Amino acid sequence: MEYDFRTIEQKWQQYWKKHHTFRTGNDFSRPKYYILDMFPYPSGAGLHVGHPLGYIASDIIARYRRLGGFNVLHPMGYDAFGLPAEQYAIQTGQHPAVTTENNIATYRKQLDRIGFSFDWEREVRTCDKSYYRWTQWIFLQLFNSWYNPLSDKAEPINNLIQQLEKGQQPPGVSFEGQWNLMSEKEKHAVLMNYRLAYLGEAMVNWCPALGTVLANEEVKDGVSERGGYPVERKLMPQWSLRITAYAERLLAGLAAIDWSESMKEAQRNWIGKSEGCSIRFNIKGSDETVEVFTTRPDTIFGVTFLALAPENELVEKIAASPRRELVSSYVSYAKNRTERERLSEVKKITGEFTGAYAIHPFTGKEIPVWTGEYVLSGYGTGAVMGVPAHDSRDYAFAKHFGLEIVQVINPATPVDISREAFEGKNGRCINSDFLNGLEVQDAVNRCIAEVEKRALGRHRVNYRLRDAVFGRQRYWGEPIPIYYKDGIPCPMQENELPLVLPEVDKYLPTESGEPPLARAATSWKYRGQYEYEKTTMPGWAGSSWYYLRYMDAGNDKELVSAETANYWRDVDLYIGGAEHATGHLLYVRFWTKFLYDLGLIPIQEPAKKLVNQGMIQGVSALTGSVGKTPRIESLHGKQLPLEAMKLPLVFVSENSVEKNEARFLKFYDEEVLKKYNDGYKHLTRGNDYEIIKGDMTIIYRHVPVGFVSRKDSLDIEKFREWRASWPGGEKIEIFTEEDGTFICRRETEKMSKSRFNVETPDDICENYGADTLRLYEMFLGPLEQSKPWSINGITGVHNFIRKLWKLFFTGEENTSVFYVSDEAPGSAELKLLHKAVKRIREDIERLSFNTAVSSFMICVNGLAELKCNKKSILEPLVILLSPFAPHISEELWERMGHDQSISFAGVPEYREEYLTEDSFEYPVSVNGKTRLKLSLSLGLSKEDIEKEVISSEAVRKYLGGAAPKKVIVVPGRIVNIVV
RNA sequence: GCCCGGGUGGCGGAACUGGUAGACGCGUUGGUCUCAAAAACCAAUAAGCGCAAGCUUGUGCGGGUUCGAUUCCCGCCCCGGGUACCA
């Protein structure tokens, strides 16, 4: 009987659904295992073959743990709020909820086909009001909490208020005035500085094209990650979360979790802890002081200038009269530069002397105070002490403006300070008064002690981590449960949640620049009278706690009940993309710690173990085309120029560019060509490649991979048809190779719609079946490694499944019938099975799925050779295979006479006794080179082995009559003879 | 620049604690079956030399430790990812 995967797979997918096979058990006495995938954003493009990679891996573990008797929680859901659905809504007017719903339906269909064992009864969607009700609830807790440095945890803000009312002022809390004399409004303003969710002026990444602010991790190279639009820095009132309060705990918590080193390192860098001290400098002839933060107080005597960030308000305060205008024009220049300009001109040194002088706290010397762009307003105090001799940035600044450079650290091997700064930390202090002769580290400590003694500053720890901006000027997100009463932001009551996202007529900002929610304002008011907050929460809000909701998905009384939280605790294995290192994975740790502080959950870290699956890249096909102008960068919004529309676009086969140069040049003149390329770039969204060959610039444009054969030749007919459907219905010219073929270039890169290189799992399921897809994706290589997708080799895996199938059937190919025998197995069969069981179990534990699949192949190849059809061998094998290829396993299991799903059959055990051999074929090497093999009994002692080897005929040949210098015997491994 | 990964046949990749380098699969070549093709099955397949037995060279490059190194140490090169004036 043929292996008919279509029928089998459908049959079992329906069976699982009908029998609720993967419904999570509520028996809390059983051992639990929580395995979670990072939930997807349901984009319109659907799943490509890269998405399921991690899901397949986690599904194998989930099914394997189920076999092992664990109560497994293996859920799936959707991170459904977000920009793309909203952009689409703006363009089409369709409600983002509708688009999202459609996309989810597509995802679900695709996921179902692969045979995952998700418990869909616990599905969550961040955009459901029954879900975001709790996201809003957490926001209210954050708003109503402050971070008490004494207890080192979040506490109710009322605790702080009570203390203030009693006239107490806890450490870290400071404000002007007397609490009990303050107005309501003033009290609110003070409390805002301590709430964990607060409204404050924040320097944000403002993206005018998207009409919203973006988080740091949503900005890449000064442009938005989605869409590539320019981003500028802007000071705006914003809701933020005080993640910085948790900086130290977020850092310390990394030590205890089993995450990849690179992931932890990325978080450590992002948190960016540095230790040093603050030092105050007085300004000559002024009451103002400048406070700087430095990690190198040992270089205090090398300070030759101070530099303030242009945004630092002191700059204009202290600017001395003759330089006032210069300074303020510099400040406004610096402020108006976009983030992109700043980034692209990092090397460019700008600055201005303020005209003011600071007094060196130890020497009393006057040192000039400058302002310069290289000083960041957001870090430390927004001011630095310039030590050009020992800091390369200060050095560049000093050189550029001709400032003094004084060496104060003398390393063992002399350095030339006139050439570059010495930034090393080994050496002794010179020219440094009381620090002279001290090693750097000692000098650091000594100087901090001195600074503290003289009350110039104090030991300080600084973090690079910024508070997280929590508002977006967008429609498609969770409304922030805040209303305004007399201009004071007030929290809603918990029992008034959810605050439902209102309907609006358009998803764009209003004419006056307010967020889209302002469009609902006339009817959308708190208790019919107070304005709601108009910004919505960012994309990461809902994903920062979703893992908790799965534990208790239907609960409408609580976010998660204490009982369930205590049972499920944390995620045992979390699988997802490495790109979330500093975004999602930091926020989810932050919220977890916060909810722990509230006493809601028993754990401080969301996931014990984290694994990042590698990206599956696409192999794109590109057609060479000809232009003669350099690439023009960003051209958003430009129309294709008219002259260009009339021109043909010339495509040229990969191997004949040079040959054809003269022929295609006649199509162009410089001027028109330039305009053409300008317009064209816009249409191709900047994914093309540009390569210079001779004086030609070849622009490689993506073509659908489906048009190109495995030998890289293009289906020219299809290609013409496709190009004709492009906007403008352009004319094209094609230059082929001499034999009439058109050769494309190949490039391995990210899979995306715009690169036309997407491969979907559906096609594989259709042609080979889900079991083959699952095995193949695992067989491709180590889970964590990125690899290009290639269908080469899928037949190998498919053949393996068919070979396995055949073991269970007897008779001629087409008329074969199912038959397994009850005969007792032989030792060869037992050895094959138990070897496989041992290896595969170990491989699953260390997530080495590619080697597990190959072990299955070895076993099945061996059994096929032995024509083994014994039930006692095949049954355990099928059970072990069931996490990898569940459909065929269920089918064979049923045919072997079982009436319950294979899912809980128990993990097959292996018996060492079947694996032991009594002899071993020793590789015998002479001087480290393997020369021959000798089969010897494993019972022999080292000495016996040595005797046997030396006396053997074959070895004597190599000894040439002489006695060996040395013989190394590793029993069961190797023999090495040194002559 | 800095921080993490990673460089092994024609290709994807094995080799767990220093012990037979190239498992398993793809591809390629030859064969069986067939009128033919597909499928299936069998055999070969790191490179070089050789009729052969066999020899030599081989895990990015150069050194080192060791009886023995893909594995450990030192110095470099290349590729991928992250990050970027963080004082």
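So you know, we letter chains A, B, ... as the sequences are listed, proteins then strands, and number each from 1. Computed from a predicted structure; not experimentally measured.
With a glycosidic angle no further than 90° from 0, B:G9 counts as syn.
For A:E845, the CD atom sits in a packed shell: over 12 heavy atoms of surrounding residues, nucleotides or ligands are nearer than 6.0 Å.
Comparing the C1' positions of B:G22 and B:A44 gives a spacing of 16 Å, expressed to the nearest Å. A gap of 30 Å separates the C1' atoms of B:A47 and B:C41, to the nearest Å. Nucleotides B:G64 and B:G13 are separated by 32 Å at their P atoms, to the nearest Å. Separation of the C1' atoms belonging to B:G5 and B:G10 is 26 Å when rounded to the nearest angstrom. Across the P atoms, B:G9 and B:G18 are found 23 Å apart, a figure rounded to whole Å. Nucleotides B:G62 and B:A14 are separated by 25 Å at their P atoms, to the nearest Å. Nucleotides B:G27 and B:C35 are separated by 26 Å at their P atoms, to the nearest Å. When the P atom is used for both B:U56 and B:A69, the distance is 15 Å, rounded to whole Å.
The existence of a salt bridge linking A:R268 and A:E265 is confirmed by a sub-4.0 Å separation between a basic side-chain nitrogen and an acidic carboxylate oxygen. Salt-bridge annotation for A:E946 and A:K966: absent, with no side-chain N of the basic residue lying under 4.0 Å from a carboxylate O of the acidic one.
Screening residues 377-387 of chain A for side chain to side chain donor-acceptor pair (under 3.5 Å) gives A:S274-A:Y379 as the qualifying pairs, with residues at least two apart or on separate chains. Evaluation of the side chain to side chain donor-acceptor pair (under 3.5 Å) test over residues 772-786 of chain A, restricted to residues two or more places apart or in two chains, returns A:D59-A:R774, A:T772-A:H798.
The strand RNA chain B forms stems, runs of 3 or more Watson-Crick or G-U wobble pairs with distances below 3.5 Å, at B:1-7 with B:77-83, B:10-12 with B:24-26, B:27-32 with B:40-45, B:46-49 with B:54-57, B:60-64 with B:72-76.
Ring geometry for A:F5 versus A:Y3: interplanar angle of 30 to 60°, hence tilted. Ring geometry for A:Y922 versus A:F920: interplanar angle over 60°, hence perpendicular rather than tilted (30 to 60°).
When every heavy atom of A:Y910 is checked against every heavy atom of A:L915, the shortest pair comes out as CD1-CD1, 4.3 Å.
Residue A:N462 is out of contact with every strand shown, counting any heavy-atom pair closer than 4.0 Å. Using a 4.0 Å heavy-atom cutoff across all strands shown, A:S260 reaches no nucleic acid atom at all. A:D394 comes within 4.0 angstrom of no nucleic acid atom, judged by non-hydrogen atoms across all strands.
Aromatic rings of A:W370 and A:F305 (six-membered ring for Trp) have centroids beyond the 6.0 Å cut-off, not under it. No close placement of the A:H390 and A:Y395 rings is indicated, their centers lying 6.0 Å or farther apart.
If you take NZ of A:K264 and P of B:G81, they are 25 Å apart, rounded to a whole angstrom. Between A:K838 atom NZ and B:C16 atom P there is a gap of 13 Å when expressed in whole angstrom units. Protein atom CD of A:Q267 is 13 Å distant from nucleotide atom C1' of B:G82, rounded to whole Å. Summarising the geometry, the separation between CG on A:D843 and P on B:C16 is reported as 12 Å, rounded to the nearest angstrom. One interatomic measurement links the two molecules: CG of A:L775 to C1' of B:C26, which rounds to 16 Å at whole-angstrom precision.
In this structure, the nucleotide among B:A40, B:G25, B:A87 sitting nearest to the side chain of A:N799 is B:A40.
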Produce the list of close N/O pairs, under 3.5 Å, pairing protein atoms with atoms of nucleotides 12-14 of chain B; give distances to one decimal.
{"unit_1": "B:G12", "atom_1": "O2'", "unit_2": "A:L780", "atom_2": "O", "d": "2.6"}
{"unit_1": "B:G13", "atom_1": "OP1", "unit_2": "A:Q785", "atom_2": "NE2", "d": "2.9"}
{"unit_1": "B:G13", "atom_1": "O3'", "unit_2": "A:N850", "atom_2": "ND2", "d": "3.3"}
{"unit_1": "B:A14", "atom_1": "OP1", "unit_2": "A:N850", "atom_2": "ND2", "d": "3.0"}

Under 3.5 Å between N/O atoms: give me all the protein pairs with nucleotides 67-74 of chain B, atom names plus distance.
{"unit_1": "B:C67", "atom_1": "O2'", "unit_2": "A:N976", "atom_2": "ND2", "d": "3.1"}
{"unit_1": "B:C67", "atom_1": "O2", "unit_2": "A:N976", "atom_2": "ND2", "d": "2.5"}

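Going from atom OH of A:Y374 over to atom OG1 of A:T350 covers 11.0 Å, rounded to the nearest 0.5 Å.
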When you look at A:K273 and A:N462, which way does the side chain to side chain contact (heavy atoms under 4.5 Å, CB included) test go after all the steps? CA-CA 6 Å; A:K273 181 179 183 173; A:N462 233 333; over 6 Å; no
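Residues satisfying the side chain to side chain contact (heavy atoms under 4.5 Å, CB included) test with A:A578, not counting sequence neighbours, are A:M263, A:N612.
Mapping A:A266 and A:V853 onto RNA chain B by nearest heavy atom places A:V853 at the nucleotide closer to the 5' end.
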